[in-house]
Colleague: 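Supplied in structure tokens, the structure appears directly below.
All residue numbers refer to positions in the sequence shown, counting from 1. Counting starts at 1 for both ligands and their atoms, following the listed order.
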Amino acid sequence: MNTAMSDMVRLNANENFYGCSPRAFQLLGEGMLQMKVHEYPGYPSLLEEKLAQKFRVGVKNIVIGAGSVRLIDGIVQTLVEADEEIIIFERSFIAYEQIVHAHRRKLVFAPQVHFTCEVQSVIPLINQKTKAIFIANPNNPTGTIITHLDLENLLKTVTENILVVIDEAYGEYVTDIFFPDSVSLQQKYPNLIILRSFSKIFGLAGLRVGYAIVNEQLAVALKKNRIPFFLNCFAEGAAIAALDDELFISDCIQKNKEQREFLFQNISKLGMKVIPTQANFLFVYFDDEEEKERLFKMLSKEKLLTCNLSIFGQDKSLRIGIGDDTVNKKIVDLISAFTRA
Ligand SMILES: Cc1ncc(COP(=O)(O)O)c(C=O)c1O
């Protein structure tokens, strides 16, 4: 990171505002001395076993990747043929597009309905060539969710050869009771692939760990696509420590819930157009590009780095990470001044 960036408050990459679990932090410090770095990691890894226990699935249903983006890459490369199609929503996680293009697969965009991913928009796009549907849930950048019922409806509608990939990178932040119990759906519908990440609430984005919960056959295919020994012992140790630190996780969920409500309510009251979110960021949209640029620059000048979605071709919108009380009050004050200017 350059020095100009180092004093900015990072509200642009949906990272955990509160850092990582103190237990993971300790492991990366003093705990490192006990690590047997001269040994290769073993398989199945302890992390695979831990995740299998947590979700009550078999260890063979867990596939770890160097970040969930690596698993997305593996799915596209291994499970989708060159002449097959992948459906994603417009205004969703930019890496889907980048990875699909990198592998020269065909992408089909489903429209959103008022910034929300509705499964009804996907169904008419399905044809003989469709091989996979990727849905970020909550969606990045809009923060909206599809419900258990909607996901199950989609799974009932598509044939078994079509993979439904539900990307729950922000799943731990969700407090809406209608959020899918995707593990139970996965047991019923073997074409459902669940993706999760240690980069968000677990605060380990720099260590690159993500995982998939899949049926055994798909797990075998995805594991063949991996590079041997990709999971280093620090990343694995920190991920296990973070997973065990339930106190840190529940604290982050609670703070994020309170703060996103605070930010949403107060920014809405000021007349800004915001979408209710279940994630750790908020989507703000504008009538014109110039107004958005002005707010982005004003926040940046005050050292608040938000995500100007123009960089992803999603103009007229900003994504603002949810900070703590101090940061969010500052955002509200600045937006209040902005709306009065
Ligand atoms: C929806 C979604 N999935 C996956 C990721 C990336 O996760 P990872 O760091 O595990 O590759 C992100 C990162 O922003 C994301 O927004």
Colleague: Under a 3.5 Å threshold, yes or no: a donor from one side chain and an acceptor from the other, between Asn328 and Gln259?
Modeller: yes

Colleague: Is the closest side-chain donor-acceptor distance between Asn14 and Arg319 under 3.5 Å?
Modeller: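 Side-chain D/A pair, Asn14 to Arg319: present.
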
Colleague: Just distance, no hydrogens or angles: give the donor-acceptor pairs under 3.5 Å from side chains in residues 263-270, sequence neighbours left out.
Modeller:
from: Gln265; atom 1: NE2; to: Glu261; atom 2: OE2; distance (Å): 2.8
from: Asn266; atom 1: ND2; to: Phe262; atom 2: O; distance (Å): 2.7
from: Ser268; atom 1: OG; to: Phe264; atom 2: O; distance (Å): 2.5

Colleague: Taking ring pair (Phe, Tyr, Trp, His ring centres under 6.0 Å) as the definition, give me every residue that meets it alongside Phe198, ordered by chain and number, with sequence neighbours left out.
Modeller: Phe202, Tyr211

Colleague: Applying ring pair (Phe, Tyr, Trp, His ring centres under 6.0 Å), which residue pairs with at least one partner in residues 133-160 are found, sequence neighbours left out?
Modeller: Tyr96-Phe134

Colleague: So which protein residues pack against ligand 1 under 4.0 Å, heavy atoms counted?
Modeller: Gly67, Ser68, Val69, Phe93, Ala136, Asn140, Asp167, Ala169, Tyr170, Ser197, Ser199, Lys200, Arg208

Colleague: Going by the ring pair (Phe, Tyr, Trp, His ring centres under 6.0 Å) test, name the single residue among Tyr173, Phe17, Tyr170 that passes it with Phe281.
Modeller: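 Single ring pair (Phe, Tyr, Trp, His ring centres under 6.0 Å) partner of Phe281 among Tyr173, Phe17, Tyr170: Tyr170.
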
